[in-house]
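Start at 1 and go down the list; that is how both ligands and their atoms are numbered. In this text the structure is predicted, and so the values were computed from the model without any measurement.
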Amino acid sequence: MEDRGKNPMGTKMLNYQLKEEEVVAEIQELNAQMVGLQFPDGLRVHATGLARKIEKETGATTLISGDSCYGACDLSDRSMEGLVDVLIHWGHTALPLDYRVPVLFVEAYSTMEVFGSVKKALKFIEDYETIGLVTTTQHLHLLDDLAKYLEENGKKVQMGVGKGTLRGQVLGCNFSSASGLRADAFLYIGSGNFHPLGLKLSTNKPVIIADPYMNEARIIDEFTDRILRKRFAKITLSAGAKSFGIIVSSKEGQMRLEMAKSLKKLIQDQDREAYLILLDNIRPDLLMAFRDSDVFVVTACPRIAIDDDQIYEKPLITPYELEIALGIRDWEDYQLDEIIYE
Ligand code: SF4
């Protein structure tokens with residue numbers, strides 16, 4: 001999908017390739033005078049260094065977004081509309097959204113060594129013939145080498161292109177690159193447990209993690225069981241709720257107003273109350289005013305209800321979890337919420 005943004009290749013800076021030479025060349029070619037810069041939280045420490053280089057070498061003025069950014073669902077294009085000629089966004093790949101300003105996506109590949117953890121993962125996949133290979137944006141450039149390594153170790157490797165994601169890429173809310181594959185098991189390259197959890201629940205196949213940050217390999221089963229127990233406790237609490245706050249995100253890539261409206265109707269059909277609440281960033285202090293709501297249903301980023309539930313006083317649940325709480329979806333049909341772009 002070439003309209004997903006240009007992906008210049010390039011130079012190395014600390015743990016990431018930030019491709020500054022290519023970014024400078026692109027700004028010069030566009031003759032941009034005002035340039036927006038946006039980073040995920042972990043990369044924003046590079047902002048002023050990159051701004052200095054861009055201003056010196058192109059003569060453009062830069063405008064750095066200081067807000068948190070968690071994905072391409074959360075671009076500064078709306079706040080920078082009319083202010084910049086181009087927005088440079090590091091760290092994520094484009095989603096099929098109508099961005100309001102021209103956006104140059106810079107994938108910011110990690111330079112971390114990953115093969116040590118993949119080698120450790122071999123013992124976990126020895127019983128499986130065909131392996132589905134997936135990772136997050138920062139390791140995408142290694143997929144072909146990783147596939148070759150697995151093939152040299154006797155495996156057949158499958159990688160899929162998702163809806164709104166690149167070959168082998170998963171997001172925290174989108175596992176579509178894996179769901180069509182006929183793999184015996186999946187090998188996830190990356191840190192954390194959330195992506196493998198989603199992969200497990202979405203494919204129902206064994207999932208092995210090769211984690212280069214911990215230099216270890218592990219399986220996701222125990223973590224999955226722990227999370228499911230917690231989620232079922234939240235669903236049980238929600239089943240008796242009388243009033244629901246349904247959170248709608250104002251971020252373009254997380255906005256699911258039509259879904260929120262249909263959830264409101266499902267709730268009202270059972271003679272219970274439901275209100276739609278529009279939020280940009282979702283925080284416990286912002287929900288405190290809604291004292292009447294027993295439960296909050298999050299139609300924004302699916303990670304919020306799962307990752308952050310312990311910091312909220314009231315239960316936060318996903319749309320699928322609401323359906324189980326209302327008795328219109330079976331417990332056996334539990335699945336993680338995804339935002340899939342058609
Ligand atoms: S909705 Fe959440 S998981 Fe999906 S891309 Fe945005 S921040 Fe990531």
Donor-acceptor contact present, side-chain Gln33 to main-chain Asn31, <3.5 Å: yes
Would Cys301 count as a contact for atom 4 (Fe) of ligand 1, in the sense that one of its N, O or S atoms lies under 2.8 Å from it? no
Which ligand 1 atoms are under 4.0 Å away from a heavy-atom of Cys73? 1 (S), 5 (S), 6 (Fe), 7 (S)
If the plane angle is over 60° it's perpendicular, under 30° parallel, otherwise tilted; pick one for Tyr109 and His141. parallel
Using a 4.0 Å cut-off to any heavy atom of Gly172, which atoms of ligand 1 qualify? 3 (S)
Hey, are Ser176 and Asn174 close enough side-chain-wise for a donor-acceptor pair under 3.5 Å? yes
Over 60° means perpendicular and under 30° means parallel, so tell me whether His195 and Tyr188 are parallel, tilted or perpendicular. parallel
For atom 3 (S) of ligand 1, find the nearest protein heavy atom and state the residue, atom name and distance (0.1 Å precision). Cys173 N, 3.4 Å
In ligand 1, the atoms that come under 4.0 Å of a heavy atom of Tyr70 are 7 (S), 8 (Fe)
Distance-only, no hydrogens or angles: does the Asp337 side chain make a donor-acceptor pair with backbone N or O of Pro302 under 3.5 Å? no
